[in-house]
Amino acid sequence: MTSIARTFALSLGIAATTIFLIMLGLFIWRYPMEEREFRACRVVVAVLDRATDIEAQKLTVRPTPALEELKADSPNLWYVVSAGDMISEYGSERRPALPFAFPYHGPIGSSVFNTLDQKSTFCLAVVQRGSLQLAMMVGEPHVRFGRIARNFLVRSVFSIMLLALAFAATVAVGAGLAARFVSRGIERVALRALAIDPAAPQGLISLSEVPRELKPLVEALNRAFGEIDAYIRMQRRFLGNAAHQLRTPLTLLRAKIDDVPDPALKAELVRDVRRLTSLVSAMLDLARLQNHAIEKRPIDLAEITLEVLADFGPSALDAGIELALERADEGPFLVQGVDAAIRSALANLVGNALIHARGARRIVATLGRGSISVEDDGAGLPGGAEHKLLEPFQTGNSAGNGAGLGLSIVREIMAAHGGELVIASEPGRGTTMRLCFPEAATAAGSRQLDLQEY
């Protein structure tokens, strides 16, 4: 999409240029008409001056195209040209009585005078031609408007250029300032919108901080944020309530399964109920993560990792998979967080690797400063599957085991700690899942988290 500031400046520049040209055209058309006689006098004087030659004490007015055009357009034209004692006349029979005698000797310049009978006017102009003064008196000229306009433009081109440059500079500065004002207003709105937490978008953008033109947009954004926040809250309430309501029927169903006489059917039902129970527990964990807040404290990642690996030791032994712990940096490995939440996140990663890492023979947990990773040497994930696994109810197990909420919960835990879950995988070379905590998390102190004790 085109830049608003650029489009605004370009549109304003085109509009201003059009207005300037229109005003210049009106000025050229009206101003010479208001002083037609004086403007016509200057045009005729220029034509006669170019047509007059003074050589060997002889004054000649050549029939130039411009002079012939002037004569053709002016049936009553007359003129007298003198230089010293030399005189050249045209249309003397039409010339009225003049207040000046020939040859004329006067100051250099031009003006329009009345004839002695006060019935008409004539033009008088004196120019310096070498050591002589060339005097011209012209009456009844009919000058075309185009020639007057051209003469005006030629004589005023410098002034017009200065005016055009000043006008263009004013427009450019005004357009730049206006575009900057609009851009800064949009930037303020964007920064306010970015500051709103996507997980809880109840924050509103103050209308007093934005330009009047952007208020409808901000009002629409605020309304959208409110609707999104209401929908998120409703979804979270439904998730928690549904999980709570499902727990009791599952407990009763588990008790009734014990009375099933067929061992194969009983084992199958127990496996299904266990899977449903795991799903309900994951839903409750996710609801608790999103709806509650508790304080966090310094947590030793090394201690938690040892305990989690020890818990999964028997399962790994049964699966024929080796569990190992390595250190990428020197300790201590302290972060600020919630013990139960971090323990749950790490357990999810180790359990996920045991279940879904097809062909894995070794799972390594690596400790770093502000991070811990779980790496397996299994078959890896197909291209693009890393992002899908972070979505709720997505599982990489083709057998369908698992609720598909584990990694979603891990992501929520890390988001609550201000960190992130990073997944890297390459087909045939295994998968690495890393819990990355922010650097500030290693500092002492405590603050609120969107978590609840497990």
Side-chain angles (χ1 to χ4, degrees), residues 21-160:
L21 292 177
I22 292 174
M23 292 177 62
L24 180 62
L26 290 174
F27 178 77
I28 294 174
W29 180 66
R30 291 296 303 170
Y31 186 65
M33 296 299 289
E34 294 172 356
E35 298 185 4
R36 184 178 182 84
E37 292 180 350
F38 181 73
R39 296 294 174 184
C41 172
R42 299 184 64 174
V43 172
V44 172
V45 166
V47 171
L48 282 176
D49 186 21
R50 287 191 290 268
T52 302
D53 294 330
I54 303 176
E55 296 179 357
Q57 298 299 316
K58 183 178 180 181
L59 186 148
T60 305
V61 179
R62 295 178 289 105
T64 62
L67 182 58
E68 295 303 312
E69 177 184 328
L70 179 64
K71 291 179 178 179
D73 293 338
S74 310
N76 296 321
L77 177 69
W78 60 266
Y79 62 79
V80 179
V81 180
S82 65
D85 295 333
M86 297 176 289
I87 299 177
S88 177
E89 299 184 49
Y90 173 78
S92 56
E93 70 280 3
R94 297 185 291 272
R95 183 177 71 239
L98 303 177
F100 303 108
F102 295 100
Y104 174 81
H105 301 281
I108 295 175
S110 61
S111 186
V112 177
F113 295 93
N114 291 324
T115 58
L116 288 177
D117 57 9
Q118 301 294 315
K119 292 182 179 180
S120 61
T121 60
F122 69 96
C123 171
L124 171 63
V126 180
V127 297
Q128 190 70 35
R129 180 72 70 85
S131 59
L132 298 175
Q133 285 186 343
L134 182 65
M136 294 166 281
M137 299 183 189
V138 187
E140 302 295 335
H142 290 170
V143 183
R144 295 178 183 178
F145 171 73
R147 186 174 292 277
I148 295 178
R150 286 195 300 273
N151 181 72
F152 171 79
L153 289 175
V154 169
R155 292 178 176 271
S156 308
V157 63
F158 184 71
S159 299
I160 293 174

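The figures that follow rest on heavy atoms only: side chains count, while hydrogens, waters and symmetry mates do not. Here the structure is a predicted model, which means the values were calculated and not measured.
The number of heavy-atom neighbours closer than 6.0 Å to CG of Asp117, taken from other residues, nucleotides and ligands shown, is above 12. Within 6.0 Å of CD on Gln118 lie more than 12 heavy atoms contributed by other residues, nucleotides or ligands.
You'll find the side chain of Leu124 reaches within 4.5 Å of the side chain of Tyr104, heavy atoms only. When side chains are defined from C-beta on, Glu68 counts as touching Pro63, because their heavy atoms get closer than 4.5 Å. Put simply, the side chain of Pro141 does not reach to within 4.5 Å of the side chain of Cys123, judged on heavy atoms. Residues Ile87 and Val80 form a side-chain contact, since some pair of their non-hydrogen atoms from C-beta on lies under 4.5 Å apart.
Listed for the Ser88 side chain is no donor-acceptor partner under 3.5 Å among the backbone atoms of Thr60. The main-chain N or O of Gly130 is found under 3.5 Å from a side-chain atom of Gln128 such that the two form a donor-acceptor pair.
Sorted by first and then second residue, the pairs that involve residues 62-81 and meet ring pair (Phe, Tyr, Trp, His ring centres under 6.0 Å), not counting sequence neighbours, are Tyr79-Tyr90.
The shortest heavy-atom contact between Leu134 and Ala83 is CD1-CB, 4.1 Å. When all heavy atoms are compared, the tightest approach of Arg95 to Glu89 is NH1-OE1, 2.5 Å. Summarising the geometry of Leu59 relative to Met86, their closest heavy-atom pair is N-SD, 3.7 Å, with the distance given to 0.1 Å. The two residues Val127 and Ile108 come nearest to each other via the heavy atoms CA-CG2, 4.3 Å. Of all heavy-atom pairs spanning Val45 and Met136, the tightest one is CG1-CE, 3.6 Å. Residues Arg62 and Leu67 share a closest heavy-atom pair of O-CD2, 3.4 Å.
Separation of atoms CD (Glu140) and OG1 (Thr121) is listed at 7.0 Å; rounding is to 0.5 Å.
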Could you go step by step and tell me if Ile54 and Leu132 meet the side-chain contact (heavy atoms from CB on, under 4.5 Å) rule?
CA-CA 9 Å; Ile54 303 176; Leu132 298 175; 4.1 Å; yes
Check against salt bridge (Lys or Arg N to Asp or Glu O under 4.0 Å), Asp49 and Arg129
CA-CA 9 Å; Asp49 186 21; Arg129 180 72 70 85; 2.6 Å; yes
Checking side-chain contact (heavy atoms from CB on, under 4.5 Å) for the pair Phe122/Val112: CA distance, chi angles, key distance, verdict?
CA-CA 6 Å; Phe122 69 96; Val112 177; over 6 Å; no
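Residues satisfying the salt bridge (charged side-chain N to carboxylate O under 4.0 Å, His left out) test with Arg94, not counting sequence neighbours, are none. Here Ser110 pairs with Phe38, Ala125 under the side-chain contact (heavy atoms from CB on, under 4.5 Å) rule; sequence neighbours left out.
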